[in-house]
Amino acid sequence: VRAQSKITLRYGNAGNAQTLSNTFNAKLFADVTSKTGGAVAFTIFAGTLGGEQKLLESMALGSLDIYNGAYTGTREFDILYSPYFFRDGAQADRVMQGEIGAKASAVLQKRYRARLLGTGRLGTYNLMLKEPIKSFADLKGRKIRTAAIEGCIEGVKFFGGNPTPIPFDQIYLALQQGIVDGVLTALNPGVAGKFYEVCKYVVASDFGVALDKEVISDTAWNRLKPDQRKILADGFKSLEVTDYYDIGLKQKDADLASWAKANGPDSVIRLDAGKLYEELEPLNSRLANEVFGPGAWDAVKKA
């Protein structure tokens, strides 16, 4: 009877098993399995099933149950990746708990027949470059890999760069072959993926807040009993603070140290980013009000 009632959910993320996103989920899933007495189990696919877009589409088609990643293909989530849309992860969390977060989640539900379990604050988005820069203005004319995410693309364009969308699982090869001059991605997966082997420099100054979406298909959600749903949802919300956000903040220095160890102390570039929030406000104000309606940017700032 126990074997027949057991539910096994398939989880996918484009990064390898060492990324913060996947170590978090390994802990979350072990906790859920324990609290459900083994009735709910998980199979983890970390970096083995393709890029984020493919994973999300697989979930929508039913071959994957839970997706974790940055990509959603929706403007409501994509514009949040524009540089300095948020001052920090704490503000991002407050916004996602409000009306803007609710609107974004509703779009996700309608498009993919799936629900948002939560948003994982992975840390910062950072630039990794083959050649150094002295200011963000030096990005002009450079081909920078971005995810197929509007905020990332608009941010690179703002500084005159040439955004080049490439799936996460193809970044290393693109850098190695010189297809792009650099990459914009979350710092922790970049270090876990050893991008420092094919890209000497990293800009320590933030270029955005990394927000992983944890999404479960309606089909998978409906297979769970009400108490099992609560254990999963509450588990994500509780662990996100300690094992996503807090660890992400602490991990940044360690990740930058790993880069410096591989390429020398001069490989970590620190720029003055103090005025970037104000400089990018016209772009972010336009995106927010365009996607969420008039007054949306004021709501973001109030948070």
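Reckoned from all heavy atoms, side chains included, excluding hydrogens, waters and symmetry mates. From a predicted model like this one, the values you see are computed outputs, not experimental measurements.
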Q | Within-4.5 Å side-chain heavy-atom neighbours: Gln53 and Leu56 | A | no
(Q) Does any part of the side chain of Met128, heavy atoms only, come nearer than 4.5 Å to the side chain of Thr185, both counted from C-beta? (A) yes
Q.
To the nearest 0.5 Å, what is the distance between OG1 on Thr164 and CD1 on Ile153?
A. 9.5 Å
Q) Should the pair Asp65-Arg10 be classified as a salt bridge under the 4.0 Å nitrogen-to-oxygen rule? A) yes
Q.
Please check this pair: side chain of Glu240 against backbone of Arg121, looking for a donor-acceptor N/O pair closer than 3.5 Å.
A. yes
(Q) Can you classify the ring geometry of Phe24 versus Tyr244 as parallel (below 30°), tilted (30 to 60°) or perpendicular (above 60°)? (A) tilted
(Q) Restricting to non-hydrogen atoms, name the atom on Tyr125 and the atom on Cys152 that form the minimum distance, rounded to 0.1 Å. (A) CE2-SG, 3.6 Å
With a 3.5 Å cut-off and sequence neighbours excluded, list the donor-acceptor pairs that the side chains of residues 78-89 form with protein atoms.
from: Tyr81; atom 1: OH; to: Leu211; atom 2: N; distance (Å): 3.2
from: Tyr81; atom 1: OH; to: Leu211; atom 2: O; distance (Å): 2.2
from: Tyr81; atom 1: OH; to: Lys213; atom 2: NZ; distance (Å): 3.0
from: Ser82; atom 1: OG; to: Asn284; atom 2: OD1; distance (Å): 2.5
from: Tyr84; atom 1: OH; to: Asp206; atom 2: O; distance (Å): 3.0
from: Asp88; atom 1: OD1; to: Ala90; atom 2: N; distance (Å): 3.2
from: Asp88; atom 1: OD1; to: Gln91; atom 2: N; distance (Å): 2.9

Q.
Would you say that Val241 contacts Asp246 through its side chain, given a criterion of any heavy-atom pair below 4.5 Å between the two side chains?
A. yes
Q: Decide if the gap between the ring center of Phe207 and the ring center of Phe136 is smaller than 6.0 angstrom.
A: yes
Q.
When you group the ILVMFWY residues by side-chain heavy-atom contacts below 4.5 Å and let the links chain together, are Ile149 and Ile171 in the same group?
A. no
Q: Report yes or no: do Ile144 and Phe159 belong to one cluster of Ile/Leu/Val/Met/Phe/Trp/Tyr joined by side chain heavy-atom distances under 4.5 Å?
A: yes
Q. Mind checking whether Asn126 and Val203 have side chains closer than 4.5 Å, heavy atoms only?
A. no
Q | Student check: side-chain heavy atoms of Trp221 and Leu117 closer than 4.5 Å | A | yes
(Q) Taking atom NZ as the centre, does Lys252 end up with more than 12 heavy-atom neighbours from other residues, nucleotides or ligands that are less than 6.0 angstrom away? (A) yes
Q: Check whether any side-chain N or O of Ser217 sits under 3.5 Å from a backbone N or O of Met59 as a donor-acceptor pair, and report yes or no.
A: no
Q) More than 12 heavy atoms of other residues, nucleotides or ligands under 6.0 Å from NZ of Lys130: is that the case? A) yes
Q) Under 3.5 Å, is there a donor-acceptor pair between the side chain of Asn13 and the main chain of Asn68? A) yes
Q: Verify, without hydrogens or angle tests, whether Asn188 (side chain) and Leu20 (backbone) share a donor-acceptor contact under 3.5 angstrom.
A: yes
Q. Got more than 12 heavy atoms from elsewhere within 6.0 Å of CD, Glu290?
A. yes
Q.
I want to check something: taking the side chain as every heavy atom from C-beta on, are Val32 and Gln228 in contact at a cut-off of under 4.5 Å?
A. no
Q) Side-chain contact, heavy-atom cut-off 4.5 Å: Asn162 with Asp181? A) no
Q. Is any side-chain heavy atom of Glu281 closer than 4.5 Å to a side-chain heavy atom of Lys301?
A. yes
Q. Under the criterion side chain to side chain donor-acceptor pair (under 3.5 Å), which of Gln177, Glu197, Lys194 is the partner of Tyr172?
A. Glu197
Q. At their closest point, which heavy atom of Ile66 faces which heavy atom of Ile216, and how far apart are they?
A. CG1-CG1, 3.9 Å
Q) At their closest point, which heavy atom of Pro189 faces which heavy atom of Thr19, and how far apart are they? A) CA-CG2, 4.0 Å
Q: Specify the closest pair of heavy atoms between Arg142 and Asp138, including all atoms of both residues, with the distance to one decimal.
A: NE-O, 3.1 Å
Q.
Could you walk me through whether Leu224 and Leu232 satisfy the side-chain contact (heavy atoms from CB on, under 4.5 Å) test, starting with their C-alpha distance in whole Å, then the side-chain angles of each, then the deciding distance to 0.1 Å, before giving a yes or no?
A. CA-CA 10 Å; Leu224 300 175; Leu232 178 59; 4.1 Å; yes
For residues 94-114, which side-chain donor-acceptor pairs fall under 3.5 Å, sequence neighbours excluded?
from: Arg94; atom 1: NE; to: Ala303; atom 2: O; distance (Å): 2.5
from: Arg94; atom 1: NH2; to: Ala303; atom 2: O; distance (Å): 3.1
from: Lys103; atom 1: NZ; to: Phe292; atom 2: O; distance (Å): 3.3
from: Ser105; atom 1: OG; to: Gly101; atom 2: O; distance (Å): 2.9
from: Gln109; atom 1: NE2; to: Asp218; atom 2: OD1; distance (Å): 3.1
from: Gln109; atom 1: NE2; to: Asp218; atom 2: OD2; distance (Å): 2.7
from: Arg111; atom 1: NH1; to: Gly73; atom 2: O; distance (Å): 2.4
from: Tyr112; atom 1: OH; to: Thr72; atom 2: O; distance (Å): 2.5
from: Arg113; atom 1: NH2; to: Ala60; atom 2: O; distance (Å): 3.4

Q.
Under a 3.5 Å distance rule, please check whether Lys143 uses its side chain to pair with a backbone N or O of Ile179 as donor and acceptor.
A. yes
Q.
Between Thr36 and Thr33 (side chain of the first, backbone of the second, donor and acceptor by atom type, cut-off under 3.5 Å), is there such a pair?
A. yes
Q | Pairs involving residues 259-273, ordered by first then second residue, that meet side chain to side chain donor-acceptor pair (under 3.5 Å) (sequence neighbours left out) | A | none
Q: Please report the shortest heavy-atom distance between Glu52 and Ala14, naming the atom on each side.
A: CG-CB, 3.9 Å
Q: Please name the pair of heavy atoms, one in Asn289 and one in Gly295, separated by the smallest distance, quoted to 0.1 Å.
A: OD1-N, 3.4 Å
Q. Applying the 4.5 Å side-chain criterion to the ILVMFWY set and letting contacts propagate, would Leu173 and Leu175 be lumped into a single cluster?
A. no
